[in-house]
Amino acid sequence: MATLKLQSLRKQFAPNVVPVKDISLTVEDGEFLTLLGPSGCGKSTLLRLIAGLEQPTAGQIVVGENNLTHAPPGDRNMAMVFQSYALYPHMTVAENIAASLKIRKTPKPEIQQRVSTVAETLGLSHLLDRKPGQLSGGQRQRVALARALVRNPEVFLLDEPLSNLDALLREQVREELKQLFETQNKPVVYVTHDQTEAMTLSSKVAVLLDGLVQQLDPPSRIYTHPANKFVAGFVGSPQMNLLSLKCQGYRAILGEFSLPLPSLSSQPEAIDIGIRPEDLSLATEDDEITVRGDVFLVENFGRELLASMKINGSNDVLRILIEPDRQWEKEGLKLAINPHRIHWFDAKTGDRLN
Ligand SMILES: Nc1ncnc2c1ncn2[C@@H]1O[C@H](COP(=O)(O)OP(=O)(O)OP(=O)(O)O)[C@@H](O)[C@H]1O
Ligand SMILES: [Mg+2]
């Protein structure tokens with residue numbers, strides 16, 4: 001049993017290159033933490049710090065009772081899976097999987113037994129004699145995973161392990177990964193910029209930007225209560241509609257309507273709101289809050305249409321999901337907004353207000 005703890009971790013490469021500024025978080029046994037964020041936000045750097053491949057400028061890395069902040073990578077019982085797989089091209093699959101055990105001078109019969117168990121788990125048994133060059137991308141990916149699993153490490157670290165796979169295979173391996181790690185009961189830290197992976201795999205997601213954690217929560221909470229405008233816009237596909245509204249008194253002006261503001265200490269001049277496309281609907285007579293506009297773009301996703309509507313009298317656009325068999329008009333379309341699903345953000349700081 002081992003909990004991974006990061007305490008005020010910082011990594012500065014140069015005076016103005018600080019991809020990890022001040023990050024503290026805990027990953028318990030059996031927890032699957034995903035580091036999610038745009039390219040360059042410091043995800044890989046944070047993972048490499050945990051693995052010991054980079055030295056932190058400040059802060060601590062603790063596993064269980066052991067402070068590993070300055071331990072060399074070989075002394076940390078962690079297994080890392082890289083995006084590039086990093087397999088040895090001249091070795092067979094079996095030799096690749098066994099390599100780390102060999103270095104640790106594990107007895108031969110035990111190596112054979114562990115390799116064959118892991119190969120079985122990952123459906124690699126029939127490929128053990130092949131070289132990496134004779135495998136498909138998905139198979140190579142599984143060998144990289146097998147190499148991590150066979151070591152029976154205290155902590156798993158994975159850096160975008162699925163990003164080299166095509167969409168279908170990624171979905172399949174993602175499901176396999178989920179089942180696999182559910183049985184491991186170890187802390188897992190998983191890096192991705194793919195929000196579908198973050199949402200489906202994780203027990204917790206840390207959304208990163210500018211070297212800081214923007215939000216650390218279970219994926220469902222991140223989706224329903226994004227902590228700020230960045231998280232709101234980054235998580236969710238199609239993206240959340242984000243609008244800047246003028247305020248009059250304690251109401252925000254949206255088209256012909258005004259919306260009551262969430263409770264605030266002072267009256268703002270402007271406020272930002274977010275509405276997910278699925279929280280808009282084609283209006284009926286009974287709907288209280290409606291917006292009108294003209295649709296200028298329709299994208300067909302098969303299961304639903306994504307329509308982009310310019311709001312009358314403004315340049316703002318709302319995107320809405322519509323079932324393909326519904327009857328509706330592109331011009332003068334009237335949308336209803338579910339008032340309980342509006343996300344309110346401070347216009348200056350971007351922080352969530354409700
Ligand atoms: N060894 C290094 N020396 C200097 N700067 C570095 C070094 N490694 C990373 N950086 C910088 O730190 C920042 C964060 O890089 P990092 O690789 O952690 O991003 P990332 O979130 O993993 O991005 P991606 O999604 O593209 O993989 C980048 O601006 C990068 O150029
Ligand atoms: Mg990276």
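Atoms within a ligand are numbered from 1 in the order they appear, just like the ligands themselves. The structure displayed is predicted, hence computed values, not measured ones.
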Closest approach of any protein heavy atom to [atom], naming residue and atom:
atom: atom 18 (O) of ligand 1; value: Thr45 OG1, 2.5 Å
atom: atom 10 (N) of ligand 1; value: Phe13 CE1, 3.6 Å
atom: atom 29 (O) of ligand 1; value: Gly40 O, 4.3 Å
atom: atom 17 (O) of ligand 1; value: Ser44 CB, 3.7 Å
atom: atom 11 (C) of ligand 1; value: Val17 CG1, 4.0 Å

Gln83 to ligand 1, any heavy atom closer than 4.0 Å: no
Does Gly37 reach ligand 1, in the sense of a heavy atom lying below 4.0 Å from it?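 The answer is no: ligand 1 sits nowhere under 4.0 Å from a heavy atom of Gly37.
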Atom indices of ligand 1 within 4.0 angstrom of Gly42 heavy atoms, with elements: 14 (C), 18 (O), 19 (O), 20 (P), 21 (O)
Taking the six-membered ring of [Y] as reference, does the cationic atom of [X] (NZ for Lys, CZ for Arg) lie under 6.0 Å from its centre and within 45° of its axis?
X: Lys178; Y: Phe181; value: no
X: Arg147; Y: Tyr85; value: no
X: Arg292; Y: Phe257; value: no

Within the protein, is there a heavy atom lying under 4.0 Å from atom 26 (O) of ligand 1? yes
Checking heavy atoms under 4.0 Å, the part of Pro19 that sits near ligand 1 is side chain
Does the side chain of Gln214 come within less than 4.5 Å of Leu208's, by heavy atoms? no
Less than 4.5 Å apart, side chain to side chain, heavy atoms only: is that true for Leu201 and Tyr190? yes
Glu329 atom CD, neighbour heavy-atom count above 12 within 6.0 Å: no
By the definition side-chain hydrogen bond (donor to acceptor under 3.5 Å, both in side chains), identify the one residue from Arg276, Arg352, Lys229, His225 that meets it with His343. Arg352
Under 3.5 Å: N/O of Ser39 near N/O of ligand 1: yes
Closest heavy-atom pair, Gly52 versus Pro73, reported as atoms and distance to 0.1 Å, is O-CG, 3.4 Å
The Mg ion (ligand 2) to nearest N/O/S of Ser44 less than 2.8 Å: yes
